[in-house]
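This report concerns only the one structure given below.
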Amino acid sequence: MTEFRAGTRLHSVTCTTEVIVTKGGSGVLTCGGKPMTAEDVHANGARPGQPEEDRTLLGKRYRAPGGTFEALCVRQGAGALELDGVPLELVKPKILPASD
C-alpha cells in the first residue's frame, strides 16, 4: 500500500498514461492492471488489452468512489485507472448557472 501526496506525478508501465495526484490518499493505484510508479518510465505505448472506452483521457480528473483519492491525467493512454482494484470514476464538470 502506498501513501499518495498531492502533487505527486505517477507513470504507467503498460501505456503512456501519466497522472498528477490532486487529492492524496492511500492504496495501490494501477493502470492497465499494473501498479503505477513515480519513476520516469517510458512505456512503449502498447495497448494493455483494455476496451477503447476505458482509456485515460488528457485533462480529465479521476476520483475514487467516496472521494478519498483524485488524480488529473496529464498524458493520456490506453489503460484504465484503478485504486485497490476499484475503477476510478471520471469527474464530470460542474454546470454553473447562467449569468444573464
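Because the structure is predicted, anything quoted here is derived from the model rather than measured. Just so you know, residue 1 is the first one in the sequence shown, and it goes up from there.
- Using a 4.0 Å cut-off between a side-chain N of Lys or Arg and a carboxylate O of Asp or Glu, Glu70 and Lys23 do not qualify as a salt bridge.
- With rounding to the nearest 0.5 Å, the separation of SG in Cys73 from NZ in Lys60 is 10.5 Å.
- Residue pairs satisfying the ring-ring contact (aromatic ring centres under 6.0 Å, His included) criterion with at least one member in residues 56-99, sequence neighbours excluded, are listed as follows: Phe4-Phe69.
- Once rounded to the nearest 0.5 Å, the distance linking CZ of Arg63 with OG1 of Thr68 reads 10.0 Å.
- Distance CG/Leu10 to OG1/Thr30: 11.5 Å, rounded to 0.5 Å.
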Original post:
Could you go step by step and tell me if Leu29 and Thr2 meet the side-chain contact (heavy atoms from CB on, under 4.5 Å) rule?
Top reply: CA-CA 8 Å; Leu29 182 65; Thr2 305; over 6 Å; no
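- Within the model, atoms CG of Leu81 and OG of Ser12 stand 8.0 Å from one another, a figure rounded to the nearest 0.5 Å.
- A donor-acceptor pair under 3.5 Å is absent between the side-chain atoms of Thr14 and the main chain of Lys34, judged by distance alone.
- In terms of hydrophobic clustering, with Ile, Leu, Val, Met, Phe, Trp and Tyr side chains grouped at heavy-atom distances under 4.5 Å, Val86 and Leu90 are assigned to different clusters.
- Under the 3.5 Å distance criterion, the side-chain polar atoms of Asp84 are matched with a main-chain donor or acceptor of Val28.
- Considering every non-hydrogen atom in both Cys15 and Ala78, the closest pair reads SG-N, 3.6 Å.
- Chaining together hydrophobic side chains whose heavy atoms lie under 4.5 Å apart leaves Leu96 on its own.
- Using a 4.5 Å heavy-atom cutoff, the side chains of Thr8 and Ile20 are not in contact.
- What you find for Thr22 and Ala6 is that their closest heavy atoms are O-CB, 3.9 Å.
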**OP:** Mind running side-chain contact (heavy atoms from CB on, under 4.5 Å) on Leu72 and Val19 for me, showing each step along the way?
**Re:** CA-CA 5 Å; Leu72 171 68; Val19 298; over 6 Å; no
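- For the atom pair CD of Glu82 and CE of Met36, the computed distance is 12.0 Å after rounding to the nearest 0.5 Å.
- Between Leu88 atom CG and Cys31 atom SG the span is 10.0 Å, to the nearest 0.5 Å.
- Hydrophobic cluster membership for Val91: none, as no Ile, Leu, Val, Met, Phe, Trp or Tyr side chain comes under 4.5 Å of it.
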Original post:
Could you walk me through whether Thr37 and Val13 pass the side-chain contact (heavy atoms from CB on, under 4.5 Å) check?
Top reply: CA-CA 7 Å; Thr37 180; Val13 296; 3.9 Å; yes
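- Side-chain atoms of Thr16 come within 3.5 Å of backbone N or O of Gln76 as a donor-acceptor pair.
- The shortest heavy-atom contact between Thr17 and Gly77 is OG1-CA, 3.1 Å.
- Contact annotation: the side chain of Glu39 never approaches that of His11 to less than 4.5 Å [non-hydrogen atoms, C-beta and beyond].
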